[in-house]
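Take a look at the structure set out below.
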Amino acid sequence: MSAPAPTAAIAAARARRGPIVVLTGAGISAESGIPTFRGTEGYWRIGSRNYHPQELATFAAFTAIPAEVWGWYLYRRGICRAAEPNAAHRALATLEQAHADDFVLITQNVDGLHLRAGNSSERTWQIHGNLHWFRCTADCGAARQPVPDALPLAWERGRIPTGGEIDLLRCANCGAAGRPHVLWFDECYDENNYRADSALLLARQAALLLVVGTSGSTTLPLRIAQIAAERQVPTIVVDLEPGVFGELAGRSRFGAFLAGKASEQVPALVQRWLSAST
Ligand code: NAD
Ligand code: ZN
């Protein structure tokens, strides 16, 4: 059953100045076949142990078992590269085209699917990084580098990279070990790698906040939604279940929660938004 249309939120947003801000999480990519961290597919076996992503996606794990952690990321890279953007990603690319400078997409996803759907790299702020890139562990100042094509894309689940493969992931500038360009659970947001300050500033300026497919288990996305709520920014949330963002939107005067699949709700919403703007 489809949820009621967010008429009041759209009308209120149209009356405000400021950018349209979209915040996405793993749920928008679930229908492209990329598992979220909550499902059982998120678990990972190394040797005789099962790791939860929250243990493996950490600086501590990378320090203790770097090759195993790289193996997990290389496997996930293969899954992401084989996946295709879905109708929700494409609708957000259409939304950017319609609004150009008045649009920013803040994504927690590291899969790169928004960029492949056509959102620009300038207007797509990957606040948790992108697993198709790596950076220098010695912080020598080198720019981040793409994971080289010489590494196989189809990475067998559980395979640990060889020493030669790990060498392909060294910093081209200083030769230090490379690390996935992703924010790990035991690390802090920063501006340089993840545009954290810019994202908070944007939350104050937004005319509309659209949140898609995120459970709110990380601090920056939650803070973005709280700032938007304090400033009465119209907020529309699309998710299978309300969660913390849906509840925030439900309490706000111009908030709306749309229950359902991103691939159905987001294109319909973008269509509504675009017809309201003409
Ligand atoms: P999460 O797994 O905590 O939550 C996913 C949310 O999406 C849930 O609220 C769920 O109800 C919803 N959802 C699932 N399928 C949906 C669908 N078809 N349509 C709409 N909503 C749907 O994800 P999160 O909040 O993004 O946090 C997970 C963390 O893990 C993030 O830090 C992220 O960087 C990382 N992660 C990224 C990817 C990716 O890049 N695709 C995948 C897994 C995890
Ligand atoms: Zn370096």
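Count residues from 1 along the sequence. Just follow the structure's listing: the first ligand is 1, and inside any ligand the first atom is 1.
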Protein residue, atom and distance nearest to [atom], heavy-atom basis:
| atom | value |
| --- | --- |
| atom 16 (C) of ligand 1 | Gly27 O, 3.5 Å |
| atom 43 (C) of ligand 1 | Pro35 O, 3.4 Å |
| atom 18 (N) of ligand 1 | Glu31 OE2, 2.8 Å |
| atom 15 (N) of ligand 1 | Leu240 CD1, 3.5 Å |
| atom 33 (C) of ligand 1 | Gln108 O, 3.2 Å |
| atom 8 (C) of ligand 1 | Arg38 NH1, 3.6 Å |
| atom 10 (C) of ligand 1 | Asp239 OD1, 3.3 Å |

Report yes if some N/O of [X] lies less than 3.5 Å from some N/O of ligand 1; otherwise report no.
| X | result |
| --- | --- |
| Thr218 | no |
| Lys261 | no |
| Val238 | no |
| Arg76 | no |

For [X], atoms of ligand 1 separated by under 4.0 Å from a heavy atom:
| X | result |
| --- | --- |
| Ile34 | 41 (N) |
| Val110 | 39 (C), 40 (O) |
| Gly25 | 26 (O) |
| Ala30 | 15 (N) |

Indicate yes or no: at least one non-hydrogen side-chain atom of [X] is less than 4.5 angstrom from one of [Y].
| X | Y | result |
| --- | --- | --- |
| Leu220 | Tyr194 | no |
| Pro66 | Arg179 | no |
| Arg76 | Trp72 | yes |

Centroid-centroid distance, Trp44 to Tyr75, less than 6.0 Å: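 Under 6.0 Å, so yes.
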
Sub-6.0 Å ring centroid separation between Phe37 and His52: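 Centroid separation for Phe37 and His52: 6.0 Å or greater.
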
Would a distance-only check, ignoring hydrogens and angles, find a side-chain to backbone donor-acceptor pair under 3.5 Å from [X] to [Y]?
| X | Y | result |
| --- | --- | --- |
| Asn86 | Ser263 | no |
| Asp239 | Ser215 | no |
| Glu247 | Val244 | no |

Heavy atoms only: give me the nearest [X]-[Y] pair and the separation to one decimal.
| X | Y | answer |
| --- | --- | --- |
| Ile28 | His89 | O-CE1, 3.4 Å |
| Phe245 | Val211 | CG-CG1, 3.9 Å |
| Gly25 | Gln108 | CA-NE2, 3.9 Å |

Option nearest atom 36 (N) of ligand 1 (shortest heavy-atom distance, choices Phe185, Phe37, Trp184, Phe245):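 Residue with the shortest heavy-atom distance to the ligand atom: Phe37.
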
Closest to atom 38 (C) of ligand 1 (judged by heavy-atom distance), picking from Ala26, Ser32, Ala259: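 Answer by nearest heavy atom: Ala26.
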
Angle in degrees, rounded to 10°, that SG of Cys136 and SG of Cys174 form at the Zn ion (ligand 2):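 Centred on the Zn ion (ligand 2), the SG/SG angle is 100° (to 10°).
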
